[in-house]
Each structure stands twice: as structure tokens, then as C-alpha cells.
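Below you'll find the structure, written out as C-alpha cells, and then a few comments.
We use all heavy atoms of the structure for the numbers below, so side chains are in, but hydrogens, waters and symmetry mates are not. A note on names: the letters A, B, ... follow the listed sequences, proteins ahead of strands, and every chain is numbered from 1.
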Amino acid sequence: MPELPEVETIRRSLLAKLTGATIRSVTVRERRLRRPIARDFESRLRGRRVLNIRRRGKYLLFDLDGDDRLLAHLGMSGRLEMRSGNAPEELHDHVRLNLDRGRTLVFNDPRRFGLMRVGQPTELDEIHHVGPDPLAAEWSADRLRPLVRGRRRPIKNLLMDQTLLGGIGNIYANEMLYRAGIRPTRRARTLRRRELDALAGAMRRVLTDAVRLGGSSISDFRDGDGRPGYFQLQLAVYDRAGDPCPRCRTPIRRVVLAGRSSFYCRRCQR
DNA sequence: CGCACCCCCTGCCGGC
DNA sequence: TGCCGGCAGGGGGTGC
């Protein structure tokens, strides 16, 4: 589910309600996530106040008073949502942060590919390898050039490499390559300057559009208030194999790259 | 270095 | 109506 736009949407929806809130108690129902939840998770969070929420790629980082921070990742199926304290428990509710004012932050994740972890900044090694944010800076051909230089791998794999760029997943990699007119299979180092220009522009447009529309709700994405996103209505190629290209009506093709479904128009994308 | 191929896990969908 | 295979927005590990 969650790529950069979805994670950013969740961050924004939680920010106002969570900053300043105190964690009164913590309930963990299932410790077996991507990494097991450590034994001291609850005690290190209890009594802490949330000061801010930041995003690193697809990770959310909750600043707390004291030295610890809370790191969360939603994997494929994770949700973080605010509920009233007496709301009924749901299937796959794994972690509940019981806050003041009768509210609860719930981490729900059917597939358990997500992550919740408390630690000092230096201990949270997951985020140390996350590359620069594709939205934070103004990307350009000059800025992309060193990333593609000498790399024979398909450009789509490179876009999704979280150590090179933090936050782009399968949906948005496909969509930005469509808008840039570049096939996902193109070797990164063969991209010409004008193609890198187009790609930089497409990265920004796709991600800002997606954030503005609250992310993509393909099956069940919801923000921290349970609201869906609407960028799925703008998807030109993702999961549209066989459908006509919105621009030229050529049927969209599906190929597999690095084990992930990849979609493109063979006429509009070269 | 970067790939293919495995794993983790639940849910859903289409074919039979 | 089941059952089964394939697939799904994630990351990580292995071996080549």
C-alpha cells in the first residue's frame, strides 16, 4: 500500500492530533512484525510526549521528549489511525498507543511486513540507508545524472532503490516513467539529458499530485482519520495491462522487473 | 554491483 | 460451493 504519498498523507493527518499528546500506556497484541517488537518497547514509550512527526522515505519518525524516537513502517498492508479509546478492537490491531484525552493511535497490519521500533537515533539503522527525498529538493537532470551514471540496471529498479531515492514504490515508479515517456526497462545509463529532464519533472508532478489527492486507495489505503485517497483515479498504467493507453489507445503492456509488475505503453514510452 | 530467487504474511480473485 | 494458484502498494537475505 504505502509509498511516499500515502506515508506523507498519514503523517499530515496525524500531525495535528498527535503533537503534544502524551502516551499513557502501550498495548502490544502481536510482536511478530518484520522484526519482533522488543521487550522494552512498551516501557520506553510509556509517559513520553510526541513532539513532531517526520518522514524518511517510507518511514515515519516520531520525535519524543527524551532521547528515544519511535520508528514506524507500514510495509504492504499497514495502517496507522487515530481512534477513540473505547473503539472496538479490530482484526490485526497489533499495537495501540493509548493517549490522553481518550484517544488511541492504532497500528493495524494484516500481513505484518510493517515495523514499529523504539530507539535512539543512532540505533535506528533502517533510516540511515534511506536516500534523498524525491520531493524535498528540486530534482533536475543535473541532479539525476550521478545516480544513473554507469548503471546498467533498468531505470525503474533504480527509481525504486530506497538507498538511492527514498519513497518511490511500484505504483509511482510506473506512473512517473509513463509521464516521462521512458520505458521501465531502459538501462539507466542510456538516458539522454532531455529524458532526465522529463523524468525529474514527472517525479515531481506525480508525487505532488498524489500527495494533493491524499495518496492512492487501490484496495484499502486510509489516512490517520480513516479517509481514502483519490490518486488511483489518475493512474494511467499501473495495474492496467490490456487497457488502452490514455494518450494513444495502444494496449498497456505488463512485464516483470526485479520481481515486480511493470506497466508501460510501448508506443508512448521509449 | 545487480540480478534472480527465496523468504516473511494475510487476503482476494479467477479458474476449475 | 470449495480448493488452489497467483498476485498484491514492502523489505531483506542468499548465491551467482
Distances for protein N/O vs nucleotides 7-11 of chain B N/O pairs under 3.5 angstrom?
unit_1, atom_1, unit_2, atom_2, d
B:dC9, O4', A:R111, O, 3.3
B:dC9, O3', A:R112, NH2, 3.0
B:dC9, O2, A:R111, NE, 2.8
B:dC9, N3, A:R111, NH2, 3.4
B:dT10, OP1, A:R112, NH2, 3.3
B:dT10, O4', A:P110, O, 3.4
B:dT10, O3', A:H92, NE2, 3.1
B:dG11, OP1, A:H92, NE2, 2.8

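Each of C:dG11, C:dG9, B:dC3 was ranked by its minimum atom distance to the side chain of A:I218; first place goes to C:dG9. In this structure, the nucleotide among B:dC3, C:dG9, C:dG11 sitting nearest to the side chain of A:P154 is B:dC3.
With A:R29 as the partner, the side chain to side chain donor-acceptor pair (under 3.5 Å) test is satisfied by one option alone out of A:E89, A:H92, A:H94: A:E89.
Distance A:L164 CG to B:dC3 P: 11 Å, rounded to the nearest Å. Here the P atom of nucleotide B:dC1 and the CZ atom of A:R189 are 15 Å apart, to the nearest Å. Protein atom CG of A:L60 is 16 Å distant from nucleotide atom C1' of C:dG11, rounded to whole Å. Look at CE on A:M160: it is 14 Å from C1' on C:dG12, rounded to the nearest Å. Between the NZ atom of A:K156 and the C1' atom of B:dG2 there is a distance of 15 Å, given to the nearest Å. Here the C1' atom of nucleotide C:dG12 and the NE2 atom of A:H73 are 12 Å apart, to the nearest Å. Computed from coordinates, the A:E3 CD to C:dG9 P distance equals 8 Å when rounded to whole Å. In this structure, A:L159 atom CG and B:dG2 atom P are separated by 14 Å, rounded to whole Å.
Distances shorter than 4.0 Å separate none of the side-chain N or O atoms of A:S77 from OP1 or OP2 on C:dG10. In this structure, A:R260 reaches the C:dG9 phosphate: one of its side-chain N or O atoms is under 4.0 Å from OP1 or OP2. At B:dC3, one or more side-chain N or O atoms of A:N157 fall inside 4.0 Å of OP1 or OP2 (strictly under the cut-off). When the side-chain nitrogen and oxygen atoms of A:Y172 are compared with OP1 and OP2 of C:dG9, none of them lie within a distance under 4.0 Å.
A:R183 is not listed as a side-chain neighbour of A:V255, based on a closest heavy-atom distance of 4.5 Å or more. Contact annotation: the side chain of A:E81 never approaches that of A:N108 to less than 4.5 Å [non-hydrogen atoms, C-beta and beyond]. Residues A:R69 and A:P121 have side chains in contact (heavy-atom distance under 4.5 Å, counting atoms from C-beta outward).
Rounded to the nearest Å, the gap between the P atom of C:dG6 and that of B:dC5 is 14 Å. Comparing the P positions of C:dC7 and B:dA4 gives an interatomic distance of 15 Å, to the nearest angstrom.
A:Q162 contributes a side-chain N or O that, together with a main-chain N or O of A:M160, makes up a donor-acceptor pair within less than 3.5 Å. A donor-acceptor pair under 3.5 Å links the side-chain atoms of A:R186 to the main chain of A:R270, judged by distance alone. Under a 3.5 Å cut-off, the side chain of A:R112 and the backbone N or O of A:R32 do form a donor-acceptor pair. A:D223 places no side-chain N or O within 3.5 Å of a backbone atom of A:G229 that could act as its donor or acceptor partner.
Using bins of under 30°, 30° to 60° and over 60° for the plane-to-plane angle, the ring pair A:Y172/A:F231 lands in the tilted bin.
Taking all atoms of both residues into account, the shortest heavy-atom contact from A:R247 to A:C268 is NH1-SG, 2.9 Å.
Scanning DNA chain C for stems, defined as runs of 3 or more consecutive Watson-Crick or G-U wobble pairs whose donor-acceptor distances all fall under 3.5 Å, gives the following ranges: B:2-8 with C:10-16, B:10-16 with C:2-8.
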